[in-house]
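Just so you know, ligand 1 is whichever comes first in the structure, and atom 1 is the first atom listed for that ligand. Bear in mind that the values here come from a model prediction, so they are computed numbers and not experimental data.
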Amino acid sequence: MAGQASEHWKIEDLDFSRIAREQVRTDENLFYLVASASFIESGSDLYTQNLVDFFRGDDEVTEWLSNHWEQEELQHGQALRAYVEHVWPEFPWETAYRGFLDEYATYCKVELLAPTRALEMTARCVVETGTATYYRAMARSTTEPVLRDLATRIATDEVNHYKHFYRFFRRYRAQERLNRFRVMGTIGRRTLELKSEDADCAVRHVLQARAPHRAGDAAYVQQLSAHMNRIIRTHLSPAATLKMLMRPLELPARVQTVIQYPIRQFMEHVFLR
Ligand SMILES: [Fe+2]
Ligand SMILES: [Fe+2]
């Protein structure tokens, strides 16, 4: 794995001087998408410890979580922050992030982990599917080359995280002899949660710092979320997302085709909210 770490991209690989600022500077929805993502990624270290404790004794998993996964998620946060600061320098990132962190810390509790290790790996697969989908959509939604490059790099990392979690999932599933209905239950639950507390919390704190006079305006917050969702929904690739979501079910191809439609409906419902 050492080779993988040295090959991983660095923030210096991004050329922020190439940003076409005039293309993005006035795009308020894009600002919220990038800024709220920078908060969530930067808060990754809050739950790494919970995960490491949960998988204690499994050195392959804990080593990867601490030395690769956490580092990469934090780097996503730093790179997105740098992008925000280049394009919207007036945004007080640090102050807004502090406020976010105070609230976000209360969500990252051990009891939020799934009941077994295999199910937690299932949940991690869903979360990485969600982030991969989000960044792929972000990359497609803009013509600004530096953001496109950054979002594409992050999406690739998220797919790679998914692959690791999926491999660990298979190992634990075999050990725990889990049945598909429990896996399905976790996938369904976590898919519904993808767009919940974390994102809402981030958007609220970005808004608080960006436009404090609107922070208490529930209709505005709702409208803002709707715009953000629309950008993701318009640019997501349902087929790729579905494939990732369903993979832990390890269904025969025939069954997969049959249940694809209801799952797709469900997924669209999640992103439509
Ligand atoms: Fe990430
Ligand atoms: Fe990730």
Side-chain angles (χ1 to χ4, degrees), residues 1 4-5 7-11 13-14 32-52 54-55 60-84 93 97 100-101 104 107-108 112-114 120-141 146-169 186-187 190-191 193-199 201-203 206 228 232 235-236 240-241 243-245 247-248:
M1 291 282 169
Q4 188 200 40
E7 284 162 24
H8 190 259
W9 61 277
K10 300 191 172 51
I11 297 193
D13 298 338
L14 302 159
Y32 280 94
L33 283 178
V34 180
S36 56
S38 76
F39 282 11
I40 294 172
E41 297 277 7
S42 300
S44 297
D45 51 346
L46 278 178
Y47 53 84
T48 307
Q49 198 50 49
N50 293 346
L51 276 181
V52 168
F54 192 68
F55 289 99
E60 188 194 2
V61 170
T62 55
E63 189 275 338
W64 178 76
L65 284 172
S66 311
N67 299 331
H68 298 271
W69 180 75
E70 181 186 25
Q71 306 305 320
E72 291 177 15
E73 301 295 16
L74 291 175
Q75 188 186 321
H76 297 166
Q78 285 165 10
L80 291 161
R81 173 188 180 167
Y83 189 88
V84 168
W93 196 95
Y97 179 65
F100 162 77
L101 211 53
Y104 192 51
Y107 300 152
C108 297
L112 298 178
L113 293 167
E120 182 54 31
M121 288 305 183
T122 309
R124 301 319 315 175
C125 285
V126 175
V127 172
E128 300 293 349
T129 302
T131 52
T133 303
Y134 186 88
Y135 291 111
R136 270 197 206 120
M138 186 192 277
R140 287 203 188 103
S141 76
V146 178
L147 186 60
R148 249 205 142 122
D149 177 31
L150 174 58
T152 306
R153 285 172 194 261
I154 299 180
T156 305
D157 285 348
E158 308 297 12
V159 171
N160 187 43
H161 296 164
Y162 172 95
K163 287 179 181 162
H164 276 83
F165 284 123
Y166 182 68
R167 191 163 55 77
F168 300 143
F169 158 77
T186 299
I187 294 175
R190 292 307 292 241
T191 305
E193 283 167 10
L194 274 182
K195 278 213 3 50
S196 58
E197 289 179 333
D198 296 7
C201 178
V203 173
V206 173
M228 290 169 70
I232 299 300
H235 298 278
L236 62 78
T241 304
K243 206 171 141 203
M244 287 171 80
L245 274 183
R247 205 162 155 212

Could you confirm whether E72 has any N/O/S atom lying under 2.8 Å from the Fe ion (ligand 2)? no

Do any of the N, O or S atoms of E73 sit under 2.8 Å from the Fe ion (ligand 2)? yes

Geometric class of the F165/F168 ring pair [parallel <30°, tilted 30-60°, perpendicular >60°]: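 Rings of F168 and F165: perpendicular, as their planes differ by over 60°.
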
Can you see whether F169 has R124 sitting over its ring - NZ or CZ less than 6.0 Å from the centre and within 45° of the normal?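 Because its charged atom misses either the 6.0 Å distance or the 45° angle limit, R124 does not stack over F169.
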
ND1 (H161) to the Fe ion (ligand 2) to OE1 (E128): angle, nearest 10 degrees? 100°

Report the name of the N/O/S atom of H76 located nearest to the Fe ion (ligand 1).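 Nearest N/O/S atom of H76: ND1.
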
Side-chain donor-acceptor contact under 3.5 Å, H164 with E128: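 On atom types as modelled, these side chains do not qualify, holding no pair under 3.5 Å.
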
Please give the atom name: the N, O or S atom of E158 nearest to the Fe ion (ligand 2). OE1

Can you list the steps and then say if L33 with I232 is a side-chain contact (heavy atoms from CB on, under 4.5 Å)? CA-CA 9 Å; L33 283 178; I232 299 300; 4.2 Å; yes

Below 6.0 angstrom between ring centroids: does that apply to F55 and W64? no

